[in-house]
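Treat the numbers as computed from the prediction; the structure is a model and nothing was measured. Each chain gets a letter, A, B and so on, in the order the sequences are listed, and its residues count up from 1. These values consider heavy atoms only, across backbone and side chains, with no hydrogens, waters or symmetry-generated copies.
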Amino acid sequence: MSHPMVEVRDLRVTFRSEEGPIYAVDGVDLDLAPGETLALLGESGCGKSVTMKSLMRLHPAHKTRIEGSIRIAGEDVLAMNAGALSRLRGKTVAMVFQEPMLAFDPVFTIGEQICEAVRRHEGCSGADARARALEMLERVQIPSARKRLDAYPHEMSGGMRQRAMIALALSCQPKVLLADEPTTALDATVQIQVLLLLKELQREMGMSMIFVTHDVGVAIEVADRTAVMYAGRVIEQGPIDSVMRAPWHPYTQGLLAATVHPGMDRRQALNAIPGSPPQLTRRIPECAFAPRCTLASASCHDPLPPARMDGDRLLRCIQPASAR
Amino acid sequence: MFAFIFKRILYAIPIALAVAAVCFSLVHLAPGDPLTAVIPADAPAEVVAAIKQAYGMDRPLVVQFGAWVQRALQGDLGLSVATGRPVMGDIALALGNTLLLAVAAAVIGFGGGIVLGTLAAFFNGRWIDKLATAIAITGVSVPHYWLGLVLVIVFSVQLDWLPSMGAGADGSGEWRWDWAHLQYLVLPAVTMCFIPMGIVTRTVRATVAEILNAEFVSALRARGLGALAITRHVAKNAAPTVLSVMGLQFGYLLGGSILVETVFSWPGTGFLLNTAIFQRDIPLLQGIILVLAMFFVALNLLVDVVQTLLDPRIKRS
């Protein structure tokens, strides 16, 4: 593996709230090579989006504590001052949000918003920025792009809006694209189109991408590698094919058993994992999945040791392979 | 766009007519005959009838209303019962003074409110927010005629820094832009600015805080935009709500300054209205209320149009 584009080590994100601290992310390690796509997989509330926003330090500073280290394109993100941070955001790392209706400013046109970002980072003239905006809208295959430049977000369909969001995110040719469930809010037919478009643009522009999703099928479609999250931790990481073929962690096994996948028997019932994820209002030193795990033994309730590397795969579970 | 503005103006016409009807009938609904103030109680019946005829008050109310509106449209609001002068001239003079006072109070109040409200929203929950909220609540709650009296006691009587009455040393009511005249404006304007300041602070705080919590603001940060650019986005989103409140507040400043103008003997419409009420000067009373009400209608129209210009989600058809 060449020099990593994104390198996250022991990331911990704690939110201060009225009711006390929330340990949203508790020890996440991630690596992303240039041109690679990583699917961050997990259920709602497991810390996927929090991890993504932390990479750009988008959480309100006075309510959030971020520990560990984040390096993007060789730079230490947590050590950056406000100026360096704003040069990083949108230029080196860009984000596609889940709900484009909420992520666009409703009272500015799509064109104005793309131009604003381009001018911020490229320092070019208004006319050049507009030309770039038009080029980007054409690149994401928005029909009659010239007209759409002057459209407001509410005047477009959901799929169009997400394409425009992608155009905005890619307008300054970022090295890393963070896609936070970009297809979740879309119709099934539009989902696959947007997915294919993202993959194609990623290949053309040679970007790295972290793709957050709770949809195993989508993850298989886009990703080279996957990191599975549970209760604020990455519990398994590896090439997507081998993780999908042979999941090691009991949670990943449960997640796949609860998912419809190609080649499964239609009459077969889906197996839901019993119980529900833990509250993150206390720091959980032991394996957070142990209370729901069928393989759990007494030692699973001891503090969880660091992840084990095994070839190109990573695992955070103390049970021997024979038990799994 | 012009079609939209034209349509809005057309919509305002029936509203203006209805407002005129209310102004006209309010005065006639009040107890007492409009002419009792000027006619001695023992005047012979023929004289009363003659005066009534001269003022057109013997005709049915509907006819009187029609004639009044028709003349009002030509800028003729009749003659004052008390002074015999054309009502329109007195109102125009007073209106200039009231506008001056209202604009001064609005500049202080809206400016202060925007600054306080924005600070409160950005520092939501922290001491700046609590301070701004406390100022806003105090500003809205304190009766402004009482505040006016206190200011007079402190700054005119005890410190002798500022004059407490009138709009000019010579009492001519003629305004000039120099300190000799401006100093008369300070106390009434400060007195009047507190209510709009409190209301604007609270509106701006609530609106801006809601916008800052919206996901698009964090998306704007994710694009690498700086504080200034983000403030521009927040301002344009907050403007329609804040402007509509400010429009309404400006209307209240124009029409609701009776007590403050009376306290400071400021020769504006409120002061004139007070005089008209006590002298039972019906044409003057009607005229002032009508003019102030028309300002309100026009302000609402203006706010509507500006809101539509700022927020593309409001349909223009």
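The number of heavy-atom neighbours closer than 6.0 Å to OH of B:Tyr252, taken from other residues, nucleotides and ligands shown, is 12 or below. Under a cut-off of 6.0 angstrom, the local environment of CD in B:Glu210 is sparse, with at most 12 non-hydrogen atoms contributed by other residues, nucleotides or ligands. Within 6.0 Å of CG on B:Leu228 lie no more than 12 heavy atoms contributed by other residues, nucleotides or ligands. Around atom CZ of A:Arg132, more than 12 heavy atoms belonging to other residues, nucleotides or ligands sit under 6.0 Å away. A 6.0 Å sphere centred on CZ of A:Arg146 holds no more than 12 heavy atoms belonging to other residues, nucleotides or ligands.
Among all heavy-atom pairs drawn from B:Leu310 and A:Val107, the shortest one is O-CB, 4.1 Å. Contact detail for B:Ser218 and A:Lys53: the closest heavy-atom pair is OG-CE, 4.1 Å. In plain terms, the two heavy atoms of A:Phe104 and B:Phe216 that are nearest each other are O-CB, 3.5 Å. Nearest heavy-atom pair, B:Ala219 versus A:Ala103, reported as atom, atom and distance to 0.1 Å: CB-O, 3.3 Å.
With rounding to the nearest 0.5 Å, the separation of NE2 in B:His233 from CD in A:Glu112 is 8.5 Å.
Annotation: side chain to side chain donor-acceptor pair (under 3.5 Å) contacts involving residues 62-77 of chain A, sequence neighbours excluded, are absent. Residue pairs meeting the side chain to side chain donor-acceptor pair (under 3.5 Å) criterion with at least one member in residues 169-181 of chain A, sequence neighbours excluded: A:Ser49-A:Asp180, A:Glu181-A:Thr184, A:Glu181-A:His214. Annotation: side chain to side chain donor-acceptor pair (under 3.5 Å) contacts involving residues 81-91 of chain A, sequence neighbours excluded, comprise A:Ser86-A:Arg120, A:Lys91-A:Glu122.
Listed in order of number, the residues of residues 236-246 of chain B that approach chain A to under 4.5 Å between heavy atoms are B:Lys236, B:Asn237.
Residue A:Leu88: no heavy atom, backbone or side chain, is found under 4.5 Å from chain B. For chain A, the nearby parts of B:Ala222 are the backbone and the side chain; heavy atoms of each come within less than 4.5 Å. Interface remark: A:Phe97 contributes side-chain atoms only to the contact with chain B (heavy atom separation under 4.5 Å).
Note on A:Leu85, A:Asp105, A:Val93: by heavy-atom pairs under 4.5 Å with chain B, the leading option is A:Asp105.
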